[in-house]
Amino acid sequence: MAPPVAIVTGASSGIGLALTKYLLERKWAVVMADLNAPKEKLDNTLFVKTDISSWDQQAAMFKQAHEWRGRLDFLAANAGMDDRDDIFNTISSDSTKPPKQPNMKTIEVNLVGTYYGIKLAAHYMTLDSKAAGKEKVGGKIVVTASAAGIYPLPSVPQYAATKHALVGLVRSMGPVAAPLNIRINALCPALVATGLAPPGLMDNFNQDQVTPMSTMMQCFSELASLEDVGKADWVETGRAGDVVEGNLKDLIWHSPPERPESSSYMDEKGLEDWARTYAERNRNFAMQDWMNQS
Ligand SMILES: NC(=O)c1ccc[n+]([C@@H]2O[C@H](COP(=O)([O-])OP(=O)(O)OC[C@H]3O[C@@H](n4cnc5c(N)ncnc54)[C@H](O)[C@@H]3O)[C@@H](O)[C@H]2O)c1
């Protein structure tokens, strides 16, 4: 079998680097997309310098990635950053100094950049790649959200908001993507020792509160059925729209809350009506965009 191909964003450090090595050990070819080059040279990888918050850069990276081996099987939409603004610790009592426009880079990277990645992956995964040894169109996506996507994290509210948003995105997209053979799920790491946290933070925690990287790999493996990639039905089977928290040695699966009975407009028929109505309207938007471009 031709090696399957993954794109890992944020691949030069921490969880993304560990995942890259995990995939390489299992004979994948990996496109490493990151702002910074990896410190070590790894065989069967292609590094593409990318800021995921730039549509042009991410689109160029996906194009280069697909041309590299002619296929795309897996996206780990993993790159992320913490807050660069702090509303309540920077309030000025000086009436001549109103607030400046805040730095929203966290939202541009974690939410907008991840959305761009899913949009591009959906395109390249559903291209016919038979010439490159791919049995069926489709693929798997794992979005790295966070435990801060399930519980509040007062020190970094922008970060928490983006990670909650990613959980909502994955839960909402999962059922829509699955019939196209794209299976999308979310990983919510607890505290893992990486380059993410500011210097000093990790020193305040006992080592027994830090989640090992092996738990992260177990989560990726479960979410994208990575050990089954050689099977003919890999893209058609497995989890879709699921959210798992990797905490110490545990995989904790989080379901959305139950709806109240008054929300019966969201029963099976209701959901079909919503899906049909929006699909029709959005096709019109897409047609309008296309006409404006041509
Ligand atoms: N470490 C934790 O405790 C923890 C907990 C929950 C969630 N996460 C999430 O895990 C993911 C990976 O983070 P990590 O902990 O490995 O941190 P890390 O800082 O070690 O790695 C993040 C990588 O992403 C890259 N990156 C940042 N912004 C980018 C951009 N705009 N475009 C491309 N690459 C970019 C960085 O250069 C870095 O190599 C992030 O989404 C993070 O929010 C981490």
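Note that ligands are numbered from 1 as they come in the structure, with each ligand's atoms numbered from 1 the same way.
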Between [X] and ligand 1, which part of the residue brings a heavy atom under 4.0 Å of the ligand: side chain, backbone, both or neither?
X      : result
Thr211 : neither
Ile15  : both
Ala145 : backbone

Number the atoms of ligand 1 from 1 as they appear, then name those within less than 4.0 Å of a heavy atom of [X], with their elements.
X      : value
Asn36  : 37 (O)
Ser146 : 6 (C), 7 (C)
Ala190 : 2 (C), 3 (O), 4 (C), 5 (C), 6 (C)
Leu191 : 3 (O)
Thr144 : 9 (C), 10 (O), 11 (C), 41 (O)
Thr50  : 32 (N), 33 (C)

Under a heavy-atom criterion of less than 4.0 Å, does [X] contact ligand 1?
X      : answer
Lys105 : no
Thr9   : no
Ala18  : no

Nearest neighbour of [atom] from the list [options], on a heavy-atom basis:
atom                    : options                     : result
atom 44 (C) of ligand 1 : Leu196, Leu201, Val112      : Leu196
atom 37 (O) of ligand 1 : Val8, Leu35, Leu17, Asp34   : Asp34
atom 22 (C) of ligand 1 : Gly80, Pro189, Gly16, Gly14 : Gly80

Query raised in the report: Heavy atoms, side chains only, cut-off 4.5 Å: are Val143 and Ile118 in contact?
Result: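 Side chain of Val143 against side chain of Ile118, heavy atoms only: contact under 4.5 Å found.
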
Query raised in the report: Going by distance alone, is a donor N or O of one side chain under 3.5 Å from an acceptor N or O of the other, for Lys39 and Ser12?
Result: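 No - no donor-acceptor pair under 3.5 Å links their side chains.
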
